[in-house]
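Per chain, numbering begins at 1; letters A, B, ... match sequence-line order. Here the structure is a predicted model, which means the values were calculated and not measured.
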Number of protein chains: 2
Amino acid sequence: MPGFSCGLDATLKVIAGKWKPLIIYFLLEAPNRYGELKRAVRGVSDKVLIQQLKELESDGIVVRTDYREVPPRVDYSLTALGRSLADALAPLSNWGAEHMEEVARVFAERDKWRRG
Amino acid sequence: MPGFSCGLDATLKVIAGKWKPLIIYFLLEAPNRYGELKRAVRGVSDKVLIQQLKELESDGIVVRTDYREVPPRVDYSLTALGRSLADALAPLSNWGAEHMEEVARVFAERDKWRRG
DNA sequence: CAGTATCCCCTGCGATACTG
DNA sequence: CAGTATCGCAGGGGATACTG
């Protein structure tokens with residue numbers, strides 16, 4: 001594995017993981033404490049959320065700050081690199097917002113066939 | 001599953017699949033015959049390429065044209081919706097191109113630890 | 001509150017072989 | 001050339017219980 005076949009390929013490897021794009025995008029709006037993040041990213045389990053945060057941290061996308069208080073207080077925010085990545089994610093978010101009904105309709109159809 | 005939690009969530013469902021973003025992005029540059037597409041998307045198998053193309057087709061992102069010739073000639077291109085999605089993918093591609101070395105370094109580190 | 005530690009499933013993906 | 005048809009598995013992710 002020397003390099004990547006193209007720029008998109010490189011990006012995809014960084015955001016590989018079911019919840020990573022959502023994590024990154026939520027963190028753009030505000031630094032978040034662990035609990036807030038978990039509520040924002042609906043459906044994710046502790047195990048997976050932590051795991052993906054650790055990967056993003058070691059990839060230089062997010063930074064974890066432990067305030068060493070009791071009760072524990074930790075927050076996550078984006079690095080400069082992470083913010084640039086989140087910005088690149090914004091058009092995807094806008095696309096989804098604009099075409100949400102269309103997309104929802106198509107997926108509803110697909111589910112109908114699966115049931116039938 | 002009534003809707004999506006946000007725009008990004010909706011988009012992610014459409015591009016879910018290891019090769020879909022690459023497929024969409026390659027198709028933006030030109031309509032492609034099946035064989036060309038397979039060469040462009042390095043490493044994908046026939047089975048998976050066809051499968052993901054069919055999903056993209058039923059999602060209204062790509063259109064398949066069968067010229068009903070012998071030998072077979074089929075090509076794939078983007079719908080208007082697909083082009084708009086590909087455009088939204090462009091910033092991700094640029095991000096990867098700009099930060100490719102940085103990303104490559106981080107992944108090399110990770111591989112080193114896995115080997116050790 | 002912010003995590004760890006296990007167990008386990010499932011499905012997405014790859015490899016191979018075959019066809020009109 | 002452009003696919004289908006099977007087989008098989010790795011590993012990413014979910015559920016649950018527990019902890020400093």
- K54(A) NZ to dG13(D) P, straight-line distance once rounded to whole Å: 16 Å

- Query: Across all strands, who's sitting opposite dG20(C) as a Watson-Crick or G-U wobble pair, both distances under 3.5 Å?
  - Reply: dC1(D)

- Note on the structure: Closest to the side chain of K47(A), out of dG3(C), dA5(C), dC1(C), is dA5(C)

- Message: Looking only at side-chain N and O atoms, does D46(B) offer a donor or acceptor that is under 3.5 Å from a partner on Y34(B)?
- Response: yes

- Between R33(A) and dA2(C), does any side-chain N or O lie under 4.0 Å from OP1 or OP2? yes

- Message: Looking at D9(A) and K13(A), is there a salt bridge between them, counting it only when a charged N and a carboxylate O are closer than 4.0 Å?
- Response: yes

- Message: Would a single hydrophobic cluster contain both L27(A) and V63(A), if residues Ile, Leu, Val, Met, Phe, Trp and Tyr are joined by side-chain heavy-atom contacts under 4.5 Å?
- Response: no

- Nearest whole angstrom, please: distance from the C1' of dG3(C) to the CG of L37(A). 13 Å

- Item | Residue mapping more 5' on DNA chain C - nearest nucleotide basis, E36(A) or A16(B) | E36(A)

- Message: Looking at V74(A), is its backbone amide N or carbonyl O close enough to the side chain of T65(A) to form a donor-acceptor pair, meaning the two atoms are under 3.5 Å apart?
- Response: no

- Side-chain N or O of Q51(A) closer than 4.0 Å to phosphate OP1/OP2 of dG3(C): no

- Task: Examine dA2(C): is either OP1 or OP2 under 4.0 Å from a nitrogen or oxygen in the side chain of R73(A)? Give yes or no.
- Result: no

- Message: Counting only side-chain nitrogens and oxygens, does Y76(B) get under 4.0 Å of the OP1 or OP2 atom of dG3(D)?
- Response: yes

- Tell me: CG of D66(A) to P of dT4(C), nearest whole Å? 11 Å

- Measure from CD on E69(B) to C1' on dG20(C) and round the result to the nearest Å. 16 Å

- Item | Base of dG12(D) paired with side chain of K18(A) (donor-acceptor, under 3.5 Å) | no

- With DNA chain D as reference, determine whether V74(B) or G43(A) sits nearer its 5' end, using the nearest nucleotide of each. V74(B)

- Rounded to whole Å, the CG-P distance (D46(B) to dC13(C)) equals 15 Å

- Task: Run the salt-bridge test on D75(A) and R73(A) with the 4.0 Å N-O cut-off and return the result as yes or no.
- Result: no

